[in-house]
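Computed from a predicted structure; not experimentally measured. Only this structure's heavy atoms are used, side chains among them; waters, hydrogens and symmetry mates stay out.
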Amino acid sequence: MSSKTLVLIVEDEADIAELIAFHLSREGFESRIAGSGRGALDSVNRETPDLIILDIMLPDLDGLEVCRRLKRDPALREVPIVMVTARGEESDVVVGLELGADDYVTKPFSPRVLMARIRAVLRRQEGGQPSDNESLTLAGGAITIDPSRHVVRMNDETLSLTLTEYRLLHYLALRPGFVRTRDQIVSAVRGEGTVLSSRAIDVHVAALRRKLGSLGAIVETVRGVGYRIGEEATVKSA
Ligand code: CA
């Protein structure tokens, strides 16, 4: 295994690909460039990268199809993917996230933002997801989620949440800073015998924010995509 982190850049616009490669090398990462979807699939079969930056608009197979194939391949499905999408194409973002992409940036992006997202995804990959029964804290410790007792405390008071509100908050808190689509939230929070539509999620989010009072803003709306817990609001408990 190479000691340097290897990033595959899938991008048909050569100048953008070179710019990304330049910034990756400044961060100490190694990179490869594939200029098409098929080129990307060839590249990953030769050499497994640690992360893939995947443009959605490609000349042959589009990025979503590439993502779909990678996530179907047991040898490659764990490789994190950061999508690059055109502004206004939130539906691509939703599909990509539901296919298993980790994150996205929107063109035109600043290299600094892209590098920050890459570092966040790699950190998460390395640290692993907290286990289902691990306690989590949000908002600098003001909010504590205790999965062993299904209890959320805010400033030492137990919040009276419905089971759906509790599951919603816990699910988003497992990946702070990363957006989840409504359908992902529905799959994660619906339980035995509960029927939940993706639009109903909006209602539960609104109720949850009300109960969180002045801290309600930690549950952020990502327009056209879904919801996330603001990253800066979150500290994983020891
Ligand atoms: Ca493109």
Side-chain angles (χ1 to χ4, degrees), residues 2 4-125 175 177-184 187 198 222-226 228:
S2 150
K4 268 195 174 181
T5 300
L6 178 65
V7 178
L8 173 65
I9 305 162
V10 187
E11 171 61 77
D12 56 316
E13 290 168 73
D15 49 346
I16 296 179
E18 293 294 342
L19 180 71
I20 297 172
F22 169 75
H23 284 276
L24 286 170
S25 81
R26 287 211 324 190
E27 298 271 331
F29 297 142
E30 209 173 323
S31 63
R32 303 279 182 272
I33 294 173
S36 68
R38 293 201 185 281
L41 296 175
D42 288 344
S43 175
V44 294
N45 284 318
R46 277 196 308 273
E47 184 180 31
T48 306
D50 297 296
L51 182 139
I52 300 171
I53 300 171
L54 180 59
D55 188 29
I56 297 301
M57 298 277 281
L58 294 168
D60 50 358
L61 295 176
D62 74 20
L64 295 176
E65 183 55 30
V66 173
C67 185
R68 188 175 286 118
R69 293 190 191 192
L70 292 172
K71 294 299 173 188
R72 264 206 309 252
D73 186 335
L76 296 168
R77 75 163 54 116
E78 301 298 328
V79 178
I81 295 175
V82 176
M83 295 179 287
V84 178
T85 65
R87 196 174 291 285
E89 299 295 332
E90 283 81 9
S91 57
D92 286 346
V93 172
V94 169
V95 173
L97 292 174
E98 285 170 3
L99 286 171
D102 292 83
D103 205 357
Y104 68 100
V105 294
T106 305
K107 277 183 179 176
F109 54 83
S110 87
R112 204 170 53 82
V113 168
L114 177 60
M115 294 306 134
R117 297 317 296 167
I118 289 169
R119 281 195 304 270
V121 169
L122 288 172
R123 238 189 349 260
R124 177 136 291 271
Q125 184 86 353
R175 272 171 60 100
F178 290 87
V179 61
R180 295 292 201 179
T181 70
R182 288 180 177 78
D183 282 350
Q184 286 179 313
S187 310
S198 67
V222 182
R223 219 183 132 90
V225 180
R228 76 173 159 224

Once rounded to the nearest 0.5 Å, what's the spacing between atom [atom1] of [X] and atom [atom2] of [Y]?
{"X": "Leu51", "Y": "Leu6", "atom1": "CG", "atom2": "CG", "value": "9.5 Å"}
{"X": "Leu114", "Y": "Ile118", "atom1": "CG", "atom2": "CD1", "value": "4.0 Å"}
{"X": "Ile33", "Y": "Ser43", "atom1": "CD1", "atom2": "OG", "value": "10.5 Å"}
{"X": "Ile20", "Y": "Phe109", "atom1": "CD1", "atom2": "CZ", "value": "4.0 Å"}
{"X": "His23", "Y": "Phe29", "atom1": "NE2", "atom2": "CZ", "value": "13.5 Å"}
{"X": "Lys4", "Y": "Ser31", "atom1": "NZ", "atom2": "OG", "value": "9.5 Å"}

With Arg32, which residues qualify under side-chain hydrogen bond (donor to acceptor under 3.5 Å, both in side chains), at least two apart?
Glu30, Glu47

With sequence neighbours excluded, tell me which residues meet side-chain hydrogen bond (donor to acceptor under 3.5 Å, both in side chains) with Arg119.
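By the side-chain hydrogen bond (donor to acceptor under 3.5 Å, both in side chains) rule, Arg119 matches Glu27.
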
Applying the side chain to side chain contact (heavy atoms under 4.5 Å, CB included) test to Ile53, which of Ile81, Leu8, Leu24 qualifies?
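The side chain to side chain contact (heavy atoms under 4.5 Å, CB included) with Ile53 is passed solely by Leu24 among Ile81, Leu8, Leu24.
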
Using the side chain to side chain contact (heavy atoms under 4.5 Å, CB included) rule, pick out the option among Val44, Leu99, Val79 that qualifies with Leu70.
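So, applying the side chain to side chain contact (heavy atoms under 4.5 Å, CB included) to Leu70 and each of Val44, Leu99, Val79, only Val44 qualifies.
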
Is there a side chain to side chain contact (heavy atoms under 4.5 Å, CB included) between Arg175 and Arg124? Walk through the geometry before answering.
CA-CA 8 Å; Arg175 272 171 60 100; Arg124 177 136 291 271; 3.6 Å; yes

Any pair with a residue in residues 87-102 that passes side chain to side chain donor-acceptor pair (under 3.5 Å), sequence neighbours left out, goes on the list, sorted by first then second residue, please.
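Checked against side chain to side chain donor-acceptor pair (under 3.5 Å) - neighbours excluded - the pairs reaching residues 87-102 are Glu98-Thr181.
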
Enumerate the side chain to side chain donor-acceptor pair (under 3.5 Å) contacts for residues 61-71, please, sequence neighbours excluded, ordered by first and then second residue.
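For residues 61-71, and leaving out neighbouring residues, the side chain to side chain donor-acceptor pair (under 3.5 Å) pairs sorted by first residue read Glu65-Arg68, Glu65-Arg69.
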
Got Tyr104 and Val94 here, is their nearest side-chain heavy-atom distance under 4.5 Å?
no

Would you say Leu54 and Val84 make side-chain contact, with heavy atoms under 4.5 Å?
no

Under the salt bridge (Lys or Arg N to Asp or Glu O under 4.0 Å) rule, what pairs show up with a residue in residues 106-115, not counting sequence neighbours?
Glu11-Lys107, Glu13-Lys107, Asp55-Lys107

Check this for me: Met115, atom CE, are more than 12 non-hydrogen atoms of other residues, nucleotides or ligands nearer than 6.0 Å?
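Check passes, neighbour count above 12.
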
Tell me the closest heavy-atom pair linking [X] and [Y], and the distance in Å.
{"X": "Met83", "Y": "Leu97", "result": "CE-N, 3.8 Å"}
{"X": "Arg182", "Y": "Ser198", "result": "CD-O, 3.3 Å"}
{"X": "Pro111", "Y": "Leu19", "result": "CG-CD2, 4.1 Å"}
{"X": "Pro49", "Y": "Ile52", "result": "CG-CG1, 3.7 Å"}
{"X": "Asp12", "Y": "Gly35", "result": "CB-O, 3.3 Å"}
{"X": "Val66", "Y": "Ala40", "result": "CG1-CB, 4.4 Å"}

Do side-chain atoms of Asp50 reach the backbone of Val7 as a donor and acceptor pair under 3.5 angstrom?
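Not at all, since once roles are kept as given, no pair shorter than 3.5 Å links the two residues.
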
Using the salt bridge (charged side-chain N to carboxylate O under 4.0 Å, His left out) criterion, which residues pair with Asp103? Sequence neighbours excluded.
Arg117

Not counting sequence neighbours, which residues clear side chain to side chain contact (heavy atoms under 4.5 Å, CB included) with Ser25? List them please.
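Side chain to side chain contact (heavy atoms under 4.5 Å, CB included) list for Ser25, sorted by chain: empty.
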
Residues which pass side chain to side chain contact (heavy atoms under 4.5 Å, CB included) with Arg223, listed by chain and number, not counting sequence neighbours:
none

